[in-house]
Amino acid sequence: MSEFYPGISKIAYEGPQSKNALAFKYYQANELVAGKAMKDHLKFAMSYWHTMVSGGADMFGPGTVDKKYGSDDPMESAKNKALASFELMDKLSIDYYCFHDRDIAPEAETLAESNARLDIISDLLLDLQKKTGKKLLWGTANCFSNPRYAGGAGTSPEVDVFTFAAAQIKKALEITVKLGGRGYVFWGGREGYETLLNTKMGFELDNLARLMRLAVDYGRSIGFTGDFYVEPKPKEPTKHQYDFDSATVIGFLRHYGLDKDFKLNIEANHATLAGHTFHHEIRLARDTGFFGSIDANQGDMLLGWDTDQFPTNVYDATLCMVEVLKAGGFTNGGLNFDAKARRASNSLEDIFYSYIAGMDAFALGLKLAQKLIDDGRLDEFVNERYSSWNNELGQKILKNQVTMADLEKIALAKGDVKVGSGRQENLEAILNTVMFG
Ligand code: XUL
Ligand code: CO
C-alpha cells in the first residue's frame, strides 16, 4: 500500500538536544511519570476535522493544503482519508482520534444516503482500529455547517430542524458505539442567537436540554456507557452561545437534571474567549465533579476569535496537567488536539511539526506538573492560607452549627481582623524556579 505521508518515518524520541525537526524532544510514550506511562497520562487524540479535512481556507481565500487525498470522488477521498489518518496516528504514536460524522463521510443529498456513507466508512475505521489498536476517544455530530442549521439545531425555531438534528445525532451515537468511543460531545455550534428580537431564549434552552435528554436515553439504550460531554464556548459562530463557559454549562446541566450523564470537554481557546484562563475552566470542572476531557489548543491573546493553534505555551500545559493529575487522571477523556496548522504552514510536514510541537509541550507540561506537585511549596502555601478553617470556629461554620447572631457576637468581641498575605509574586517566582530550576 502506498503511503500518504511519504518521506516521513515514525517519529522517534531524540531528547531536548536534538535538532531534528521530525523528532520528539520531550514526548517519550513509555517514559514513566509518577509510575504511569506518559501515553496513559496524556491520552493524545487526533482531531479528524482539522487534520484530515480542513485545508486552511478562510473568508479571504481558499485552502493552501490539498486534503483530497488522491481522489476527486468524495467517497474515495473519504476512504483514503481514513487510511491516511491511521498512517498519521501511527507515525506520530497517537493512540486516539475524534470526529464529527461529516468529517469521516461527506454529507449526501438525503439523510438515508448520508447514513449509508457513514456505515461504509465506519466499517473501514473499525477494521483499521482492530488492525492497529487505535481507539476512538469521542464522536460527535456536525449540526452546524449545513444551511438547515442556520438558526440552530436543538434550538432551531423550526420543529423539522430539531427532528433532523435528533436523527443525525442518533446515527452519530450509533457509530460512536460501534467504534467503541468512550465519549460523545455536544458542542453547540449554532445553539445560540444573533439577536433577541427574533429569539425565544427560554424555549430554546428547554429544547436544547430536551434533545440532550433524548440522546442520553437513546445512547444508554444502545449500550453507550461512556461520558456525554458539553464543550463550552461563549461565542462564534453565534454572537451568544448558550454553552458560554463551564459555570454556565454546569448550571444548565443541573437545572435540567443532566448532570449525572454529562461532564465537560474543556477547550483552551474557548476558555480565553470567555474571558477565563484555561486553568480556571479546568479547575472549576474538577472542583465541581464535571472534569471529563480536554480540547488542547491555544488562542492568540491579540485576536478575539477561535484561532485553534497548536498548544506550545508550557505554562498553560503545566497548569493544565497539574489539574489533570490532581483529578486522578483521565478516565474516559483525553487530550484532543482541536488545533490546526496556520494557513501559511502549507506542507504535509507542517502537520507533523504541529503535532510534535503540541505533544512535546504537553509532555513537558506533564513532567513539570509532577515536579510542582512533588516540590509541594504551592500546595503547602495554599493549605496554610486556609488553615484557620481547621480551628474550632472554622469547623463549627463548616458543619453549619452557627447562626448569624453567633457570628456577630464573635466578630464584635474580636473588634477587627488582620488577613495574611496572598504572596502572589512569590508563588509566581516559585513556579518559575520549579519549571526552570
Ligand atoms: C469548535 C470546536 C469543535 C468541537 C467539536 O470551536 O471546538 O470542533 O470541538 O464539535
Ligand atoms: Co473543540
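This chain uses plain numbering: 1 for the first residue, then up along the sequence. When a ligand or atom number is given, it counts from 1 through the structure's own listing order.
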Pairs of nitrogen or oxygen atoms closer than 3.5 Å, one from [X] and one from ligand 1: do any exist?
| X | result |
| --- | --- |
| Trp187 | no |
| Asp308 | no |
| Lys233 | yes |
| His270 | yes |
| Thr140 | no |

Side chain, backbone, both or neither: which part of [X] comes within less than 4.0 Å of ligand 1 when only heavy atoms are counted?
| X | answer |
| --- | --- |
| Glu236 | neither |
| Asn269 | neither |
| Asp306 | side chain |

The Co ion (ligand 2) is nearest to which N, O or S atom of [X]?
| X | answer |
| --- | --- |
| Asp338 | OD2 |
| Glu267 | OE1 |
| Asp295 | OD2 |

**Request:** Could you pull out the closest heavy-atom pair between Ile94 and Phe44, with the gap in Å?
**Result:**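 Nearest pair, atom of Ile94 first, then Phe44: CG2-O, 3.4 Å.
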**Request:** Measure across Asn80 and Gly70 and return the closest heavy-atom pair with its distance rounded to 0.1 Å.
**Result:**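 In this case the closest contact between Asn80 and Gly70 is ND2-C, 4.4 Å.
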**Item:** Heavy-atom neighbours of Lys36 NZ exceed 12 at 6.0 Å
**Value:**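 Atom NZ in Lys36 is crowded, with more than 12 foreign heavy atoms closer than 6.0 Å.
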**Asked** Does NZ belonging to Lys68 count more than 12 external heavy atoms closer than 6.0 Å?
**Response**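 Open: at most 12 neighbouring heavy atoms sit under 6.0 Å from NZ of Lys68.
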**Message:** Using modelled atom types and a 3.5 Å cut-off, is there a donor and acceptor pairing between side-chain atoms of Asn146 and backbone atoms of Tyr149?
**Reply:** no
**Message:** Within 2.8 Å of the Co ion (ligand 2), is there any N, O or S atom belonging to Glu231?
**Reply:** yes
**Item:** atom 10 (O) of ligand 1: nearest protein contact (heavy atom, Å)
**Value:** His100 NE2, 2.7 Å
Is [X] salt-bridged to [Y], cutoff N-O under 4.0 Å?
| X | Y | result |
| --- | --- | --- |
| Asp119 | Lys171 | yes |
| Lys10 | Glu87 | no |
| Asp123 | Lys178 | yes |
| Glu31 | Lys367 | yes |

**Request:** Using a strict cut-off of 4.0 Å, indicate which atoms of ligand 1 neighbour a heavy atom of Glu231.
**Result:**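 This gives 2 (C), 3 (C), 4 (C), 5 (C), 7 (O), 9 (O) as the contact atoms.
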**Item:** Atom indices of ligand 1, in the order listed, that fall short of 4.0 Å to a heavy atom of Trp49
**Value:** 8 (O), 9 (O)
**Item:** Test: Arg148 cationic atom under 6.0 Å from Phe164 six-membered ring centre, within 45° of axis
**Value:**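 That pair qualifies as a cation-pi contact.
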